[in-house]
Amino acid sequence: MRTAVLAYSGGLDTSCAIAWLKEDYGFHEVVAVLVDVGQDTDFEPAITCGRAAGADDIILLDCKDEFAEEQVAKALVANALYEGKYPLISALSRPVIAAAVAGVAVELDAEAVVHGCTGKGNDQVRFELAFKASYPGVKVIAPLRDRVWTRDEEIAYARARGIPVEAKPESPYSIDDNLFGRAIEAGVLEDPWAAPPEEAFALTASPAGSRAPTDLVLGFESGLPVSVDGEELELADLVAVLNEQAGGYGIGRIDMIENRVVGIKSRELYEAPAALTLIAAHQALEDLVLTKAELVAKRELEPKWARLVYEGLWFSPARAAYDAFFAETQKLVDGEVRVTLRPGAAVVSGRRSEQALYAESLASYGSGETFPHDAAEGFIRLAGLETELAAVRAGKVVAHA
């Protein structure tokens, strides 16, 4: 019996894919796998759609904690921002979803794994590289790449088969969300000149709203956030708390022109209140604790890590090697960071750690400071030797002794 295992979301594309796999690809059994990574949704309608579309089994897997403790945790340690802006909301979830789907396929000895991505997006790359890493040699099917369907065509196809999809022709946006944030695209957003309408946002209030600033204190252990205002929380719960608190100030809105893996630019909106707040706080604590050389090396590697993950290479040896370096740097990154939440901005206003390399007696300009001023002249003389030699070589006038 020919079996296919589908990465299922319950939306229009993957609901239609169940029927396509049987009608057009000849599979006898289609197993749809729903993976919960903290998206704000009721899975019952998705299960209903899947059954109506002809799925032989629908499996719901709760991977929220795994997603938080693996992908989200590593992204926070890496201060991961693709192109300096995007905290990899969707890119981080794809390895979890794909690995879960591949795991089911292995158990069932399935012939193929299936995703609902188009040929224009990043997710096809992320899913398929993760499938290859999790189930080497498995056949991968992408129905929406094999045939390009218009949205109206898909809706008509679903309705003709009694699939109760909620999609309507006038639906304005394509949304992807998980516990780390929310991605919004399509509709009027495809015009890069058009301002994002307020209706596109759900995690964040309008920054224009008048709210008095408030402070919160984030506690970190070994580089990971562990508490908010002294209350210890699991990472998934901590992210949820910050999404609500920072989101209420309109913090975490990102509007960018993004360079996709497939060679095109796209206009993307993101909402990531917790992610941007935590990254700002974590960087501030690292500034206090890490040596200058550690910071230089880590800040150089962080965008490389973000690009690898964005491009679907979560399972690459290079990402694992970067993580090993990052983990070594985080052993002493313990302490607290005070963040002031203001409309549209999370501003670090204080940081403290028993592991701090900051010494007030050395940095202070007040009485009692201990900086060895008499050592500075010799340091500068040695540091400037090459500069002077290069100047002489260039024909500059040499001062008389």
Side-chain angles (χ1 to χ4, degrees), residues 38-40 64 68 72-73 75-77 79-81 84-89 173 175 177-184 189 194-221 223-256 268-289 333-354 356 358 360 363:
Q39 54 269 56
D40 182 18
K64 292 190 296 292
V72 171
L76 291 173
V77 165
N79 299 316
L81 295 171
K85 299 176 183 177
Y86 169 43
L88 301 174
I89 296 162
Y173 308 112
I175 306 293
D177 70 314
N178 56 52
L179 66 86
F180 206 42
R182 189 167 177 267
I184 312 116
L189 301 176
E198 193 61 33
E199 67 185 24
F201 299 102
L203 273 182
T204 56
S206 172
S210 56
R211 297 190 64 177
T214 188
D215 289 343
L216 55 83
V217 176
L218 301 173
F220 287 82
E221 292 180 5
L224 287 176
V226 295
S227 66
V228 178
D229 289 333
E231 180 184 0
E232 294 188 0
L233 297 166
E234 296 296 326
L235 185 54
D237 296 328
L238 189 149
V239 168
V241 166
L242 283 182
N243 273 336
E244 182 176 354
Q245 292 188 5
Y249 283 85
I251 295 165
R253 292 187 175 187
I254 302 160
D255 180 356
M256 65 185 290
E268 305 285 344
L269 287 188
Y270 298 107
E271 294 182 281
L276 294 193
T277 301
L278 288 169
I279 288 172
H282 180 247
Q283 288 175 323
L285 188 58
E286 286 185 318
D287 290 343
L288 187 67
V289 172
V333 182
D334 305 331
E336 293 183 321
V337 179
R338 185 176 63 248
V339 178
T340 301
L341 303 181
R342 301 173 181 170
V347 180
V348 172
S349 56
R351 69 287 279 162
R352 62 188 176 190
S353 172
E354 292 183 0
Y358 176 87
E360 187 174 354

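Within the model, atoms CG of Leu242 and CG of Leu278 stand 5.0 Å from one another, a figure rounded to the nearest 0.5 Å. To the nearest 0.5 Å, the span separating OH on Tyr86 from CE on Met256 amounts to 9.0 Å. With rounding to the nearest 0.5 angstrom, the CG atom of Leu285 is 10.0 Å from the CG atom of Leu218. Note that CG of Leu269 and CG of Leu189 are 4.5 Å apart. Values are rounded to the nearest 0.5 Å. Interatomic distance, Leu288 CG to Tyr358 OH, rounded to the nearest 0.5 Å: 9.0 Å. Asp237 contributes atom CG, which lies 9.0 Å from atom CD of Glu231 (distance to the nearest 0.5 angstrom).
Between Glu232 and Val226, every side-chain heavy-atom pair lies at or beyond the 4.5 Å cut-off. Using a 4.5 Å heavy-atom cutoff, the side chains of Leu238 and Glu234 are not in contact. Side-chain contact check for Arg182 versus Ile175: some heavy-atom pair is nearer than 4.5 Å. With a 4.5 Å cut-off on side-chain heavy atoms, Pro225 and Leu235 count as touching. Between Pro273 and Leu203 there is a side-chain heavy-atom pair separated by less than 4.5 Å.
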Applying side-chain contact (heavy atoms from CB on, under 4.5 Å), run through Ile251 and Thr204 and close with a yes or a no.
-> CA-CA 7 Å; Ile251 295 165; Thr204 56; over 6 Å; no
side-chain contact (heavy atoms from CB on, under 4.5 Å) between Val228 and Val217, worked out = CA-CA 6 Å; Val228 178; Val217 176; over 6 Å; no
Leu81/Leu276 under side-chain contact (heavy atoms from CB on, under 4.5 Å): CA gap, chis, key distance, verdict | CA-CA 9 Å; Leu81 295 171; Leu276 294 193; 3.9 Å; yes
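Atom CD of Glu354 has 12 or fewer heavy atoms from other residues, nucleotides or ligands within 6.0 Å. The neighbour count for Asp287 CG, taken as heavy atoms of other residues, nucleotides or ligands under 6.0 Å away, is above 12.
With no hydrogens or angles considered, a side-chain donor-acceptor pair links Asn79 and Glu286 at under 3.5 Å.
In this structure, the side chain of Asp177 does not engage the main chain of Gln39 through any donor-acceptor pair within 3.5 Å. The backbone N or O of Ile254 lies less than 3.5 Å from no partner atom in the side chain of Glu271, so there is not a single donor-acceptor pair. Proximity of a side-chain donor or acceptor of Asn178 to a complementary backbone N or O of Gly38 within less than 3.5 Å is not detected.
Classified by interplanar angle (parallel below 30°, tilted 30° to 60°, perpendicular above 60°), the ring pair Phe220/His282 is tilted.
Ion pair Glu268/Arg253 not flagged as a salt bridge, since none of the NZ, NE, NH1 or NH2 atoms sits closer than 4.0 Å to an Asp/Glu carboxylate oxygen.
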Side-chain donor-acceptor distances from residues 333-345 under 3.5 Å, at least two apart:
unit_1, atom_1, unit_2, atom_2, d
Asp334, OD1, Ser222, N, 2.6
Glu336, OE1, Arg352, NE, 2.8
Glu336, OE1, Arg352, NH2, 2.6
Arg338, NE, Ser349, OG, 3.1
Arg338, NH2, Ser349, O, 2.7
Thr340, OG1, Asp215, OD1, 2.6
Thr340, OG1, Ser349, OG, 3.1

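Considering every non-hydrogen atom in both Val289 and Ser353, the closest pair reads CG2-OG, 3.7 Å. Scanning all heavy atoms of the two residues, the minimum distance from Ala236 to Leu179 falls at CB-CD2, 4.3 Å. Heavy atoms only, all atoms of each residue included: Val348 and Ala280 are closest at CG2-O, 3.7 Å.
Partners of Tyr249 by ring-ring contact (aromatic ring centres under 6.0 Å, His included), not counting sequence neighbours: none found.
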